[in-house]
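These figures come from a predicted structure and were not determined experimentally.
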Amino acid sequence: MRKTLSWKQLAGMTKWTKDYEHGPTNSQSRLRLFGKAEKSVRVTLFRDNHAWCPYCHKVWLFLEEKRVPYRVEKITMRCYGPKEKWYLQKVPSGMLPALELDGHMITESDDILAALEASFGPLGMPMPSITPQRRLERQLFSAWCQWLCYPARSAWEEAANKQRFEEVLSQVDHALQKHPGPYFLEDFSLADVIFIPYVERMLASLYYYKGFNIKEASPAIDRWFTALETRETYRGTQSDAHTHCHDLPPQMGGCYENGEEVQQTRRCVVDEGPWDSLPDCSYPEPSDAVEEALARTLKHREAVIAANCVQDKAKVDEALRHALTTLVSGEICGVVDKEMATALLYIRDRVNVPRDMSVWAARRMRAALSQTAEAAGPVKVLPIPFENRYDQQPAQFNYAVQPVVGG
């Protein structure tokens with residue numbers, strides 16, 4: 001069996017870093033300058049800590065695409081914890097996103113985008129010009145919610161909900177084919193930004209809960225996602241299937257499986273792997289994916305260990321070193337202790353993209369955690385909560401270091 005590396009040895013195996021202020025889009029930044037001086041910052045974005053909020057996603061993408069310098073304040077969503085008191089004093093409703101522009105607070109994502117467009121110019125065509133696309137996005141959203149978020153009372157109703165979604169999806173596919181390029185308009189624009197957050201979530205959730213692959217059903221959407229993944233702005237905000245499939249139920253009030261064989265198979269792959277063939281990401285694995293996963297885990301290892309469901313923290317510490325040894329060596333450094341295996345699977349099920357790391361880094365990290373735990377045989381895994389995600393409260397990670405996998 002592979003000898004377990006020490007924390008010191010592991011720390012010497014990665015030099016991965018990121019320029020959070022001026023470099024590529026990333027979820028960990030608190031300040032984005034794009035090569036400009038900090039005194040030029042006029043905007044503060046208040047978004048959710050875990051990058052789960054789709055409406056925050058829209059505003060975040062706009063700022064990144066327009067390269068508007070801005071500060072970031074990360075706020076707890078009610079589905080995973082109580083709102084910060086200081087934020088409720090600024091925004092009594094607790095609504096997210098919110099944006100402070102030249103000292104003026106704005107809520108509602110559409111109002112925020114309109115204000116940003118007025119101050120910094122449009123992203124492609126101005127917002128009033130894309131009303132047909134915005135209306136189509138809401139139609140798709142409605143059909144998705146009807147199929148996903150309400151339990152079908154019969155097989156006929158399930159089939160009718162699916163058919164309605166497919167009909168609207170066909171309209172979206174047609175809209176994407178109106179121009180020779182892959183986007184909704186001639187070039188990437190606000191129209192794409194409007195569609196991105198929820199279509200990304202549809203791709204993940206329908207695959208998991210319905211066994212339905214949007215990319216297979218709509219070649220134009222497949223092409224659209226491929227084009228999006230060439231943009232560092234999108235890749236820096238992109239989530240994955242595992243994250244969305246478990247962050248959506250408490251946000252949406254529930255997500256319902258159809259129980260079909262293909263759905264059960266796809267659910268198992270999202271939860272337990274192998275993750276490399278999932279439709280949530282189609283670009284090749286970056287050469288630094290393993291180093292990123294190692295660096296991000298090392299940065300927050302103390303809090304990751306402290307927040308684990310296994311109470312024996314010495315076991316969690318040792319188990320995590322085993323998993324990281326597997327990650328960096330490519331050789332399985334298994335654990336036979338069942339508590340240690342439970343600790344690793346608990347971490348695996350709570351790796352979030354992009355909050356913690358990028359898609360491919362998370363794939364490598366989840367695989368290493370699973371492979372390391374296998375030697376212990378079957379173990380009882382603490383299920384991921386469905387009605388809330390209080391297991392992900394940022395406050396539990398705020399001891400001695402920055403928030404574990406969110407900062």
Side-chain angles (χ1 to χ4, degrees), residues 24-25 54 57-58 60-62 64-66 122-125 129-144 147-148 162-208 210-245 262 266 269-270 275-286 289 353-354 358-360 362-363:
T25 303
H57 195 176
K58 283 195 294 186
W60 183 14
L61 272 169
F62 184 96
E64 289 290 324
E65 285 284 345
K66 292 291 293 181
L123 178 59
M125 297 291 287
S129 302
I130 62 166
T131 299
Q133 289 84 5
R134 294 175 65 198
R135 189 176 294 123
L136 181 59
E137 188 272 343
R138 288 293 85 187
Q139 291 171 358
L140 188 67
F141 172 81
S142 177
W144 171 64
W147 188 18
L148 178 70
K162 178 183 180 182
Q163 182 179 354
R164 173 56 182 158
F165 180 82
E166 289 177 318
E167 289 170 353
V168 184
L169 184 65
S170 178
Q171 295 176 42
V172 175
D173 188 273
H174 179 71
L176 279 166
Q177 295 183 56
K178 287 183 177 179
H179 301 281
Y183 301 121
F184 282 93
L185 301 178
E186 292 286 351
D187 296 305
F188 184 88
S189 69
L190 182 58
D192 299 288
V193 168
I194 295 296
F195 272 90
I196 284 169
Y198 273 116
V199 177
E200 181 182 283
R201 287 155 177 79
M202 292 173 198
L203 174 65
S205 60
L206 294 180
Y207 189 85
Y208 185 88
K210 305 295 183 182
F212 182 85
N213 187 338
I214 285 183
K215 288 184 175 181
E216 292 177 351
S218 170
I221 284 184
D222 190 8
R223 183 178 69 149
W224 181 65
F225 270 114
T226 299
L228 292 177
E229 288 178 346
T230 67
R231 309 181 74 85
E232 69 174 28
T233 49
Y234 176 65
R235 281 166 62 157
T237 67
Q238 183 181 15
S239 189
D240 72 350
H242 190 283
T243 301
H244 280 322
C245 292
V262 66
R266 288 176 169 178
V269 174
V270 171
W275 294 275
D276 290 8
S277 61
L278 289 174
D280 55 359
C281 170
S282 60
Y283 64 87
E285 179 178 358
V353 177
S358 64
V359 176
W360 274 103
R363 286 178 171 183

Do you see a donor-acceptor pair shorter than 3.5 Å between the side chains of Gln238 and Glu229? yes
Does the structure place the NZ or CZ of Lys215 under 6.0 Å from the centre of the six-membered ring of Phe225, at an angle of no more than 45° from the ring's axis? yes
For the residue pair Leu140 and Tyr198, establish whether any side-chain heavy-atom pair is separated by less than 4.5 Å. no
Keeping the roles fixed (side chain from Ser239, backbone from Val353), state whether a donor-acceptor pair exists under 3.5 Å. yes
Note, Arg231 side chain near Glu64 side chain (heavy atom, < 4.5 Å): no
For Tyr208, does the six-membered ring have the charged nitrogen or CZ of Arg266 within the cation-pi criterion, i.e. under 6.0 angstrom from the centroid and within 45° of the normal? no
When rounded to the nearest 0.5 Å, the distance separating CG of Leu123 from CG of Asp192 is 8.5 Å
In Å and rounded to the nearest 0.5 Å, what is the CD1 to CG distance from Ile221 to Asp173? 6.5 Å
Full working for side chain to side chain donor-acceptor pair (under 3.5 Å) between His244 and Ser205: CA-CA 7 Å; His244 280 322; Ser205 60; over 6 Å; no
To the closest 0.5 Å, what do you measure between NE2 (His174) and OG (Ser218)? 12.0 Å
With a 3.5 Å distance limit and no angle check, can you tell me whether Asp280 reaches the backbone of Asp240 through a side-chain donor-acceptor pair? no
In terms of heavy-atom contacts, Thr233 and Thr25 come closest through CA-OG1, 3.3 Å
With Trp224 via ring pair (Phe, Tyr, Trp, His ring centres under 6.0 Å) - residues at least two apart: Phe184
Name the orientation class of the two ring planes belonging to Trp147 and Phe165 (parallel below 30°, tilted from 30 to 60°, perpendicular beyond 60°). tilted
Closest non-hydrogen atoms of Gln133 and Leu185, given as atom of the first, atom of the second and distance, are NE2-CD2, 3.6 Å
Which atom of Lys66 lies closest to which atom of Pro122, heavy atoms considered: NZ-O, 3.1 Å
For residues 130-144, the salt bridge (charged side-chain N to carboxylate O under 4.0 Å, His left out) pairs (sequence neighbours left out) are Asp110-Arg134
Can a salt bridge be assigned to the pair Glu285 and Arg363 using a cut-off of 4.0 Å between side-chain N and carboxylate O? no
Under 3.5 Å: donor-acceptor pair, side chain of Arg223, backbone of Gly181: yes
